[in-house]
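Read the structure below first, then the notes.
In what follows, every chain begins at residue 1, and chains take the letters A, B, ... in the order their sequences are listed.
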2 protein chains.
Amino acid sequence: MARIITGNDLSRKDVILNAAAALFREKGYKAASMRDLAEKVGVEAASLYNHIRSKTEILHDICFNIATLYSDHMDQVETSTASSLKKVETVLRFQINQMIHNYAEVYVADREWQYLAEPHLSTYQNIRHTYRKRLNAIITRGIENNEIKEVNVPSAIWIMLHAISGIESWHRSKTKVDPAVLEENIISILIDGLRKN
Amino acid sequence: MARIITGNDLSRKDVILNAAAALFREKGYKAASMRDLAEKVGVEAASLYNHIRSKTEILHDICFNIATLYSDHMDQVETSTASSLKKVETVLRFQINQMIHNYAEVYVADREWQYLAEPHLSTYQNIRHTYRKRLNAIITRGIENNEIKEVNVPSAIWIMLHAISGIESWHRSKTKVDPAVLEENIISILIDGLRKN
DNA sequence: CCTACCGATCGGTAGG
DNA sequence: CCTACCGATCGGTAGG
């Protein structure tokens, strides 16, 4: 019986986190109130606090869930035997897919993390930095192998990551390109731009 | 005498707008309070209202100042006799330079405009849409002329605009690449990616 | 430009 | 999970 209650409780928290991600994406973390969130979940604001400790804890959970997801994926890519360029492509396709299908959480983790409280803010910044360093290492190795042309690596990473995070506006656009078409176009432009002829 | 007072008054408003742009960039529009702004300007919060009507008016002025600047530049580019690819390059270089040297205003206009009040919000969205359509027309003409390779134009525009707006994180990075180097790298990757071989 | 203050709303708590 | 409520802070105004 206790286990079932725990089970329901966890799922209730997930409902809150999902609603919060959508709300923070729509209005921004600061502009979204706990009363807004409560209305979206279908309870009174005070009732939320039976499932979460604070507003900032919700933001923390969203950001670190995404960070873990991305780090885990990078682990897989690094241990694969694919070529460097293929590894970069795998990373980009993963990110594009997350941006398309896990939109709200990814957006919040990407744009609203600045409102995290210390020490989590610093931790989060370190995680982001490490992720970029790992991607940098893959591209650098590809250049050494003559697979990837001799681009300025930090500039290339900037362009790739921001081009993908820009997909957020695709979700809001009226004339939506098909997700698969969008993915292929982005991969085509970015990966072709890196390939050594 | 009246003219001098008007002059001082305008300049005081500009001081407030500049301080507000920096503040909204640091903390976000919603998280930045009028008391924060007053402190930055060096007056009491109530005194700000002798120069501006409301917080939302400040955001409006910042966003529409930038929008006008960008539209005016696009006017110049359109009437020039340069090749299509060169026109795209000119637009990108202008945007990169604005992002580097007019950082706070551009950032706010790019990321915080969602908090504009109607009807200005809709007007602003239309301005952005028109700007993209004009850039689309330049690229499309370049493809017809065999200057630019046959990319998917909306995807290419997305990548370019978001790659550039991503420069915002460059400003916060510890190991700053030289601005000129950053500009050349971005132009090199993006324009080379468009050029028909 | 300031002091004094307003109604509204915020995140969160007490107690049941 | 709710009612009732808290202290803090918000954007903005009155009056000088």
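- Taking the salt bridge (Lys or Arg N to Asp or Glu O under 4.0 Å) definition, one finds that B/E184 meets it with B/R93, sequence neighbours left out.
- Annotation: salt bridge (Lys or Arg N to Asp or Glu O under 4.0 Å) contacts of A/K30 (sequence neighbours excluded): none.
- Contacts of B/Y29 classified as ring-ring contact (aromatic ring centres under 6.0 Å, His included), with partners at least two apart in sequence or in another chain: B/F24, B/Y115.
- For the side chain to side chain donor-acceptor pair (under 3.5 Å) test, residues two or more places apart in sequence or in another chain that qualify with B/D61 are B/K13.
- For B/N146, the side chain to side chain donor-acceptor pair (under 3.5 Å) partners at least two apart in sequence or on another chain are B/K196.
- Among residues two or more places apart in sequence or in another chain, the ring-ring contact (aromatic ring centres under 6.0 Å, His included) test is passed with B/H129 by none.
- Within the structure, every pair that satisfies the side chain to side chain donor-acceptor pair (under 3.5 Å) test and touches residues 67-78 of chain A, not counting sequence neighbours, is listed here: A/D75-A/R134, A/E78-A/R134.
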Discussion item. In dot-bracket form, 5' to 3', how is DNA chain D paired? Count Watson-Crick and G-U wobble pairs only if both distances fall under 3.5 Å, and write | where the partner sits on another strand.
Written reply: ||||||||||||||||

Item to complete: Let me have a per-nucleotide readout for nucleotides 3-16 of chain C, 5' to 3', with B, S or -, counting only protein heavy atoms under 4.0 Å.
Response: BB-----BBBB---

